[in-house]
Structures are given as C-alpha cells and as structure tokens.
Amino acid sequence: MQICTATHPISAAERRTGLESAKPITIGSDVWVGGGAIICPGVNIGDRAVIGAGSVVTRDIPSDVVAAGNPARIIRALPAEAGEGKREQTTFL
C-alpha cells in the first residue's frame, strides 16, 4: 500500500521552482486496504470501507462500501454492523 500525500503544480515552470506541497489523507476506523493500493493526496476514506488490492484511490470513499479499480469506484454497499462504536480515524500528512 502507498499513502501519497505529496502533490505538485501541473505547470512545469512552477515545478522547476521546487514548489511542492502536501494534502492530508484521512482513513477512518476499521478500514481494510488491499495490497498494492495507492491512496492519492487529499483523499478521505470512511469508516469500515474496504479498498480492493491494486486500486488507485483518487477521490473520497464513503463509509461502509467496497471500492476497487483504477480509479477506484464504489462496487457495492456493505451492511451496517450492529453495536459498532465510533473509533479514532487516522490522518496522514
């Protein structure tokens, strides 16, 4: 899995100046990320989501879904689990 927070300008002239920045990635609780997945800058993944192996996550993924592909898209919703309490999410920067 790759969690890539770094980003850069589209313009080559701006990139030559060395300008680079980062956008945070937030991954909710009880998320499963399959092997080889890439999570791009600025993405939020909701609680209990499942990300398929080899997926490239370029947009936010809501809670309780399975998402896969390049770019990752929602494949199906997951059933809500009874008795689940809120756990802490993780943010990378």
Side-chain angles (χ1 to χ4, degrees):
M1 170 179 56
Q2 298 177 44
I3 299 174
C4 307
T5 62
T7 186
H8 55 76
I10 298 298
S11 163
E14 286 183 75
R15 286 195 308 273
R16 282 193 297 270
T17 69
L19 182 62
E20 186 175 340
S21 59
K23 293 182 180 178
I25 293 171
T26 302
I27 299 176
S29 62
D30 296 321
V31 171
W32 183 279
V33 180
I38 299 171
I39 303 173
C40 293
V43 168
N44 298 299
I45 299 176
D47 297 335
R48 298 168 304 281
V50 175
I51 307 299
S55 296
V56 179
V57 184
T58 60
R59 295 188 191 113
D60 290 353
I61 303 295
S63 297
D64 301 306
V65 298
V66 175
N70 181 5
R73 61 181 179 82
I74 296 170
I75 304 296
R76 66 182 174 101
L78 294 171
E81 295 184 21
E84 285 294 312
K86 179 71 175 159
R87 294 191 178 103
E88 189 173 321
Q89 64 186 19
T90 304
T91 300
F92 299 89
L93 181 60

Okay, side chain of D60, backbone of N44: is any donor-acceptor separation there less than 3.5 Å? yes
OG1 of T5 to CD1 of I25: how many Å apart, nearest 0.5 Å? 6.0 Å
Between G52 and A37, the two heavy atoms sitting closest are O-CB, 4.1 Å
Check the pair L78 / V66 against side chain to side chain contact (heavy atoms under 4.5 Å, CB included), numbers first and verdict last. CA-CA 7 Å; L78 294 171; V66 175; 3.6 Å; yes
Treating Ile, Leu, Val, Met, Phe, Trp and Tyr as nodes and any side-chain heavy-atom pair under 4.5 angstrom as an edge, say whether V65 and V31 lie in one connected cluster. yes
Distance (rounded to the nearest 0.5 Å) between R73 CZ and I61 CD1: 11.0 Å
Tell me whether I45 is reachable from M1 by hopping between hydrophobic residues (I, L, V, M, F, W, Y) whose side-chain heavy atoms are closer than 4.5 Å. yes
Checking S63 side chain against G46 main chain: does a donor-acceptor pair fall under 3.5 Å? no
For residues G42 and K23, report the shortest heavy-atom separation together with the two atoms involved. N-CB, 3.5 Å
If you take all heavy atoms of D47 and G28, which pair is closest and at what distance? OD1-CA, 3.2 Å
Any side-chain heavy atom of I39 sitting closer than 4.5 Å to one from I51? no
Following the transitive rule for hydrophobic clusters with a side-chain heavy-atom cut-off under 4.5 Å over Ile, Leu, Val, Met, Phe, Trp and Tyr, establish whether V57 and V50 coincide in one cluster. no
State yes or no: do I38 and I3 share one hydrophobic cluster built from I, L, V, M, F, W and Y residues joined by side-chain heavy-atom distances below 4.5 Å, directly or via other members? no
Can you confirm whether more than 12 heavy atoms, excluding those of R15, are under 6.0 Å from its CZ atom? yes
Please answer whether the main-chain N or O of G69 pairs with a side-chain N or O of S55 as donor and acceptor at a distance below 3.5 Å. yes
Residues H8 and L19: closest non-hydrogen pair is CB-O, 4.2 Å
Shared hydrophobic cluster for I75 and W32 (ILVMFWY, side-chain gaps under 4.5 Å): yes
R48 (side chain) donor-acceptor with S29 (main chain) under 3.5 angstrom: no
Measure across A49 and P62 and return the closest heavy-atom pair with its distance rounded to 0.1 Å. CB-O, 3.8 Å
